[in-house]
Amino acid sequence: MADVKPDISGRRLGVQDYAANFGDIHPPLDAHEALVESDRCYFCYDAPCMKACPTSIDIPMFIRQIQAGHPTSAAKTIFDQNIFGGMCARVCPTETLCEEACVREEAEGKPVKIGLLQRYATDAIMAEAGHPYTRANPTGKTVAVVGAGPAGLSCAHRLAMHGHEVTVFEAREKSGGLNEYGIASYKATHDFAQKEVDYILGIGGITVVNGKALGKGLEIASLQKEYDAVFLGIGLQGVNALGAANDDVEGVADAIDYIAELRQATDLSGLPVGRRVVVIGGGMTAIDVAVQSKLLGAEDVTILYRRGREQMKASEYEQHLAQTKGVKIKHWVMPKAVIAENGKAVGLTCEYTHEVAGKLSGTGERFDIPADMIFKAIGQSYVDVLGGKLELDGGRIKVDSLKRTSVPGIWAGGDCVAGGLDLTVASVDDGRSAAESIHQFLKS
């Protein structure tokens with residue numbers, strides 16, 4: 001590839017194109033559309049959609065409340081189980097959860113638009129003044145929550161509601177976790193992530209301290225001494241290695257870091273993007289960075305995944321979205337070496353793969369693909385910043401059904417714990433469940 005030079009720049013599109021490309025991918029329902037859609041619900045007894053929801057929202061109930069003209073009551077039904085109902089309505093893979101389980105999907109191939117109805121209700125209540133919950137009388141108990149992502153803030157909100165005083169420690173400048181830094185911008189527009197954080201904190205009794213991370217000015221032993229209980233919602237700090245030669249040259253980047261930079265950019269036109277972009281991975285992060293690269297003006301964007309379409313963690317809907325935006329997806333391919341010139345990536349040598357007796361291996365057949373930017377989206381890993389203090393399971397914190405860790409007085413939830421779904425909605429459920437467990441512990 002001697003004649004190939006890196007081509008990375010910003011301002012590939014007109015100013016108006018950026019606004020259009022990063023507008024709301026799912027425009028909200030208006031009142032009439034919400035009423036019509038709510039009429040499609042059968043309000044099933046023992047509803048399969050409710051069973052498919054990780055937070056067990058009473059979906060038939062909130063849809064009936066919308067149908068009856070009470071969207072704020074519907075929102076309260078949602079928030080009782082999921083205080084992040086607004087964001088989950090935007091980012092939750094409903095097509096593989098509640099909507100896939102909908103009887104309309106089975107009968108007609110067209111489920112009730114549960115996600116959009118949830119957004120309609122939660123947007124309605126968040127537009128009103130005040131907070132839908134009142135704190136219980138102060139208990140005098142204090143809880144430290146480490147991590148201001150969905151798990152941590154869900155836990156903090158429920159604890160505050162029970163009358164406990166909560167201090168949330170967050171490593172980054174802004175709270176919100178992956179909702180703020182890690183999702184595609186077109187899924188949560190107009191700074192919604194921060195508006196939702198502010199709304200959740202509106203219950204009172206929660207103090208957020210930013211710029212504090214475990215091992216960097218914050219020690220677990222000190223928290224145990226100063227607080228009556230500790231909850232860890234610290235997520236995944238590490239990024240899995242690419243395992244290809246020359247993967248440290250300029251032009252090779254972690255997808256999650258680029259998405260965070262994009263999410264915080266005030267001028268999308270100034271964000272550099274390659275003319276030719278290659279993304280390695282098969283999950284939601286791979287789809288998000290690939291689609292957004294295309295929306296930023298990249299001409300040629302390709303996702304490489306080592307197995308087949310059915311094995312990709314990204315849902316069929318997300319895969320289809322990427323392809324409709326012009327992203328190519330190549331299956332049964334793995335990277336072998338980054339092709340570099342003068343210390344900069346100009347391409348990638350790949351090898352076709354296949355399964356033999358259930359084990360993935362290379363076929364020996366290789367090819368080169370040009371690339372100005374190569375994004376690694378092959379998953380994140382837990383970094384044990386606690387120095388072995390907590391028991392791990394499969395490389396993540398081991399917890400029981402009540403989210404208790406191996407150390408009394410410490411709970412954990414979200415992506416950092418073993419056995420999770422790595423979804424916002426699952427993290428919210430972990431946080432709420434842990435809060436109820438902590439509340440019972442503090443009462444005893």
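Values reported hereafter were calculated over all heavy atoms of this structure, with side chains retained and with hydrogens, waters and symmetry mates removed. Heads up: numbering here begins at 1 and tracks the sequence. Because the structure is a prediction, the values reported are computed rather than measured.
- The pair Arg396-Asp415 does not count as a salt bridge, with every side-chain nitrogen at least 4.0 angstrom from each carboxylate oxygen.
- The distance from atom NZ of Lys51 to atom CD1 of Ile59, rounded to the nearest 0.5 Å, is 12.5 Å.
- For the atom pair CD of Gln319 and CD of Glu310, the computed distance is 8.5 Å after rounding to the nearest 0.5 Å.
- Glu299 and Arg12 are not joined by a salt bridge, as no carboxylate oxygen comes within less than 4.0 angstrom of a charged side-chain nitrogen.
- The closest side-chain heavy-atom distance from Leu232 to Leu214 is below 4.5 Å.
- Judged by distance alone, with hydrogens and angles left aside, the side-chain atoms of Ser406 form a donor-acceptor pair with the main-chain N or O of Glu391 at under 3.5 Å.
- Dense packing is recorded around CD of Gln323, with more than 12 heavy atoms of other residues, nucleotides or ligands lying under 6.0 Å away.
- Put simply, the side chain of Asn246 gets close to the backbone of Val338: a donor and an acceptor are under 3.5 Å apart.
- In the displayed structure, Lys174 atom NZ is contacted under 6.0 Å by more than 12 heavy atoms of other residues, nucleotides or ligands.
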Is there a side chain to side chain contact (heavy atoms under 4.5 Å, CB included) between Leu304 and Leu348? Walk through the geometry before answering. CA-CA 11 Å; Leu304 305 179; Leu348 190 68; 3.7 Å; yes

Please test Tyr181 against Ile256 for side chain to side chain contact (heavy atoms under 4.5 Å, CB included), starting from the C-alpha separation and ending with a verdict. CA-CA 8 Å; Tyr181 292 98; Ile256 196 69; over 6 Å; no

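- Side-chain atoms of Asp288 and Tyr258 include no donor-acceptor pair closer than 3.5 Å.
- Closest heavy-atom contact between Arg263 and Asn179: NH2-O, 2.7 Å.
- Surrounding CD of Glu106 are at most 12 heavy atoms belonging to other residues, nucleotides or ligands under 6.0 Å away.
- Using bins of under 30°, 30° to 60° and over 60° for the plane-to-plane angle, the ring pair His131/His157 lands in the tilted bin.
- Using a 4.5 Å heavy-atom cutoff, the side chains of Asp257 and Val239 are not in contact.
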After noting the C-alpha distance and the side-chain angles of Asp80 and Arg432, does the key distance pass the salt bridge (Lys or Arg N to Asp or Glu O under 4.0 Å) rule? CA-CA 10 Å; Asp80 284 347; Arg432 188 197 71 232; over 6 Å; no

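- Under a cut-off of 6.0 angstrom, the local environment of NE2 in His320 is sparse, with at most 12 non-hydrogen atoms contributed by other residues, nucleotides or ligands.
- Taking OG from Ser9 and CG from Leu271, the interatomic distance works out to 11.0 Å, rounded to the nearest 0.5 Å.
- Looking at every heavy atom in both residues, Pro111 comes nearest to Glu105 through CD-OE1, 2.9 Å.
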Could you go step by step and tell me if Thr424 and Leu178 meet the side chain to side chain contact (heavy atoms under 4.5 Å, CB included) rule? CA-CA 8 Å; Thr424 295; Leu178 288 179; 5.7 Å; no

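- Between Tyr227 and Val143 there is no side-chain heavy-atom pair separated by less than 4.5 Å.
- For the atom pair Asp400 CG and Trp411 CH2, the distance stands at 9.5 Å (nearest 0.5 Å).
- Taking CZ from Arg119 and CG from Leu117, the interatomic distance works out to 12.0 Å, rounded to the nearest 0.5 Å.
- For Thr353 (side chain) and Arg306 (main-chain N/O), a donor-acceptor pair under 3.5 Å exists by modelled atom type.
- Between Tyr352 and Phe367, the ring planes are tilted. Angles from 30° to 60° get that label.
- Of all non-hydrogen atoms in Pro272 and Ile8, the two that sit nearest each other are CB-CG2, 3.8 Å.
- A distance-only check finds a donor-acceptor pair linking the side chain of Arg40 to the backbone of Lys110 [under 3.5 Å].
- A 6.0 Å sphere centred on NZ of Lys376 holds more than 12 heavy atoms belonging to other residues, nucleotides or ligands.
- Other residues, nucleotides and ligands contribute over 12 non-hydrogen atoms within 6.0 Å of the CG atom of Asp30.
- Looking at Ser269 and Val15, their side chains never come closer than 4.5 Å, going by heavy atoms from C-beta outward.
- Screening Thr167, Val146, Val145 against Leu223 for a side chain to side chain contact (heavy atoms under 4.5 Å, CB included) leaves a single residue, Val146.
- Here the side chain of Gln81 pairs a donor or acceptor atom with the backbone of Thr55 at under 3.5 angstrom.
- Here the side chain of Tyr305 pairs a donor or acceptor atom with the backbone of Gln311 at under 3.5 angstrom.
- Considering every non-hydrogen atom in both Thr405 and Ile410, the closest pair reads OG1-O, 2.8 Å.
- Asp198 has no carboxylate O lying under 4.0 Å from a charged side-chain N of Lys195, or vice versa, which leaves the two without a salt bridge.
- Using a cutoff of 4.0 Å between basic side-chain nitrogens and carboxylate oxygens, Asp372 and Arg275 are not scored as salt-bridged.
- Residues Gly362 and His354 share a closest heavy-atom pair of O-NE2, 3.9 Å.
- Between the CZ atom in Arg404 and the CD1 atom in Ile438 there is a gap of 11.0 Å [rounded to 0.5 Å].
- Under the 4.0 Å criterion applied to side-chain N and carboxylate O atoms, Glu318 and Lys187 are assigned as salt-bridge partners.
- Remark: side-chain polar atoms of Asp228 are paired, donor with acceptor, to backbone N or O of Thr142 under 3.5 angstrom.
- Using a distance-only test at 3.5 Å, with no hydrogens or angles considered, a donor-acceptor pair links the side chain of Glu37 to the main chain of Lys113.
- Nearest approach of Ile378 to Ala241, heavy atoms of both residues: CD1-O, 3.1 Å.
- Exactly one of Thr122, Asp123, Asp24 qualifies for a side-chain hydrogen bond (donor to acceptor under 3.5 Å, both in side chains) with Arg90. That residue is Asp123.
- Side-chain atoms of Gln292 come within 3.5 Å of backbone atoms of Ser185 as a donor-acceptor pair (strictly under, hydrogens ignored).
- Between the side chain of Glu351 and the backbone N or O of Met334, no donor-acceptor pair lies under 3.5 Å.
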For Tyr186 and Val291: C-alpha separation, side-chain torsions, deciding distance, then whether side chain to side chain contact (heavy atoms under 4.5 Å, CB included) applies. CA-CA 10 Å; Tyr186 52 77; Val291 171; 3.5 Å; yes

